[in-house]
Amino acid sequence: MEEEGSGKRRRIDLDRLPIKRLDAIDEIGNEQFPPDTSHEEKRLGMLRRIDFSHVVADNRDARKKQKTNAKEAAPAPQQTWPWQGLVENLQLAHQELSIIMDLINTVEANDAVTVAGMQRPKQLPNEILSDLAVSAATKLQRLRNLGRYFKQSSKAMEQKVSREAKFYGSLIRLQQNWKVKRQRLLAAGPGSEGFTFDLLDNTLSDTSMVSRPSPSALVRVVREASGLLAIQKPQRLCHSLSIRYLGTNLSLKPNKFIEGDIYNSDETLQADKKEALPDEDVNSWVKNTHSVLRKIHRSIFLEQVFDGVNLESYNTSPGINVTGMREGFLQLAISQDSSICLCLVPSTEEDDSHMIESEGHPQKGENSDSAVNEKDNTLNVNKFEVPNPASLEIFLLHIFHKNFLERLKEKHFSATKAAVPGQAPTDPCGLSHFCKTVAHRIFSSKVLAEIECLVSGIPYIQLLSHPPWHSRTSSWSLSLKFPESVFHSASVSKYSNSYDAKSSIRSQFHTKVVVKDDQITVSGQGALCTLGSFKGSSADASSVSSHGCDLEDLPLVILQQIAGQIIHWLHEEAMVVGMKANRDFLCLYVDLDQGDVLGLVAHVDPDDINGCISWWLILEDGLGEDGKFSTDTGENENRKFLGYLSLEGLYSILMDLVNICSNSGCH
Amino acid sequence: MMNKAAMGGGGGGPTAAAAAAASQKQKTLLQKVDTDISNIVDNFSHLVNLARVNDPPVRNSQEAFQMEIRAARMVQAAESLRNLVSELKQTAIFSGFGSLNENVDRRIAEFNRLEEGTERLLERVGEQAAASLKELEAHYYSSALRTSHREA
């Protein structure tokens, strides 16, 4: 750098190439270099090389302008060089930089640089304390982290423990009712511990009749993430037994359980909610699970019953008449015009009714007309002829259970005592009994209908049902209560010497109708045996006649019995008042004193809508030649139609006859 | 816990082999419990030792790692104890045959009682129904309604 003039004009000229320049070349040709410059000189030399010429040129232009302006305005003051400070600063910076550069270069050149004992400066007490504080704080932080970690793990463990408590608590509670098994092989799945509920009653399965293994008998237990105990629904559908009459869609609706609760709530309950389930909810959860298990168990039992019935239907035993069979379906003919079906119906289906209906017409198809007809038919049929299918189902289950229990007891007995070989149970499910019972119920309702029809035709008859407490027996009695005789008290005193009071005039007669299976027996007192001899002895009064008949003959037999009883009563009354009277089958003959015989004849006709027993008054010659009474010829002078008389009416007619007799006797 | 272990192990059966297996199981369980608890105690004492603030900060950070490891081991041992408890629970559930049988007997007695009650109830219902039927029949057949119906 060089200053020209009086400082107003500067010129900086720098060599572009920092090479060593020759100072001189002597004669020999030795080049003479300038002596090594000092550091300061070098620095200066380097500084000198900076060429500020263009900057300066710009500055000069600017300053020229300024100068002209200044010259115009005012005389310029003495100016100092403004770059002086910069230069100095640069110099200082450069100095430091070069020192560092030197050090770096030395190190790079791998010169021997040895660090001779770097002494850490002795710390001041406050520094020591602050270091210690930092260390302690760090440690504290670490310990806090540890505490947090412990808290977290203890919380997790608490949760696990509570979940386990929930799970095992539920399991223990369910174990009180169900057989819990553990299979370690099954424990592969997530949440599964290999626990299963074994719902199969193996006391049933070791008998020969139930051979089919039931895969759905094992219900797997799953532990949910919240620790609640859930069960895996078996693949197979749950079934319920349904009994109905063929040709009707009258069937037992499958029982609705509290089903799906456990599964539905599975979806609705959020996981976090489940986590916080209180004990009561866990209780209800366990109850739900229990009810689902019960449902499955019941379904298995019903399947076993069905299988047992199916197996038994192979044996030919009286009363069993299989007319159709397919998967989950058994058709049994009960009587000539009715048959029932046993079906296993899936109970989890939404539209049960549809299922049943489609099952209900295996042969006929699903014709809508036939469905309507059958519906009408159902109503008619159900009115009184058939027992309710629901009660049939209960009855079947009851028989099965009872027989099964008895067999168990026998087994136990034979196990403790010497076993008796060759005594296989012939009727393990009681299917024969069941069929006979159903047949009997249908038959007995028909009988009852007949009797009721009869009774409605005879106003003085009372019908009384006598429950026999046996499923294949029914009995009713028809009671006939006679009006009190005006001479009754007198007769009692009169006859008390020779007769027992009981054997005097009876005020009441009973006719008993007993139906066993399909055998009707009618027994009664007081009437002459309708089929036996027509003896007119009074011994008949206390004897009980009993004979069987079939359904067609029943009304006639009963009517004859009743009419005979009435005749018997009238005869006794006539005897009391001292009339000469004797009786025949359904006639009471009163001897008039002229030798005429007046007959009071009962005519029975079950189909007569006005009344079943009507009365005729006839003279003796009114009887036909063959001795039979006939109404075909109608009324004439020898016979008179009296009508459908009440007992009081009959009694008054008898009294009239007495009057006639006594009057004629007087004459 | 020991009682539980004894109970769970003792339910094996009356035979000598089963008893031996049960005592072996009990021993194993007790050993496991001891190991786990000593594990926890050791690690905790280590942890307490490590809680000291050391002068060189480098060592402090070393110890931080150690502390984490000790803590993890403690948690692990606790978890193992918990597993043991649940195993004991399972054993108690599946091997408490005495209580299970007792429970079954109790249930049987209860069901028998229920059965008897139900039968009695059914009997009573039947008798009542029969009595009501008789009464109704007597009433109906002696009623004026019936005769008037007939006359009509």
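Residue numbers start from 1 in every chain, and the chains themselves are labelled A, B, ... in the order their sequence lines are given, proteins ahead of strands. Treat the numbers as computed from the prediction; the structure is a model and nothing was measured.
- Contact annotation for B:A78: both backbone and side-chain heavy atoms come within less than 4.5 Å of a heavy atom of chain A.
- Using a 4.5 Å cut-off between heavy atoms, A:L146 touches chain B through its side chain atoms alone.
- The contact list for residues 104-114 of chain B toward chain A, using heavy atoms and a distance under 4.5 Å, reads B:R107 by residue number.
- Of the charged side-chain nitrogens involved, at least one lies within less than 4.0 Å of a carboxylate oxygen, so that B:R82 and B:E79 count as a salt-bridged pair.
- Side-chain polar atoms of A:W178 and A:H290 form a donor-acceptor pair below 3.5 angstrom.
- The side-chain heavy atoms of A:V180 and A:L174, taken from C-beta on, include no pair separated by under 4.5 Å.
- Proximity of B:S86 to A:K160: side-chain heavy atoms (C-beta onward) are nowhere separated by under 4.5 Å.
- Both the backbone and the side chain of A:S465 come within less than 4.5 Å of a heavy atom of chain B.
- Within 6.0 Å of NZ on A:K512 lie no more than 12 heavy atoms contributed by other residues, nucleotides or ligands.
- Side-chain atoms of A:Y168 and B:Q90 include a donor-acceptor pair closer than 3.5 Å.
- Looking at A:L171, the atoms closer than 4.5 Å to chain B (heavy atoms on both sides) all sit in the side chain, from C-beta outward.
- Annotation: side chain of B:H139 is not in contact with side chain of B:K134 (no heavy-atom distance under 4.5 Å).
- B:E123 does not touch chain A: none of its heavy atoms, backbone or side chain, sits under 4.5 Å away.
- Between the side chains of A:N145 and A:R142, not a single donor N or O lies within less than 3.5 Å of an accepting N or O.
- By the 4.5 Å heavy-atom criterion applied to side chains, B:F44 and B:M74 are counted as neighbours.
- Contact annotation for B:L47: only side-chain heavy atoms (C-beta onward) come within less than 4.5 Å of a heavy atom of chain A.
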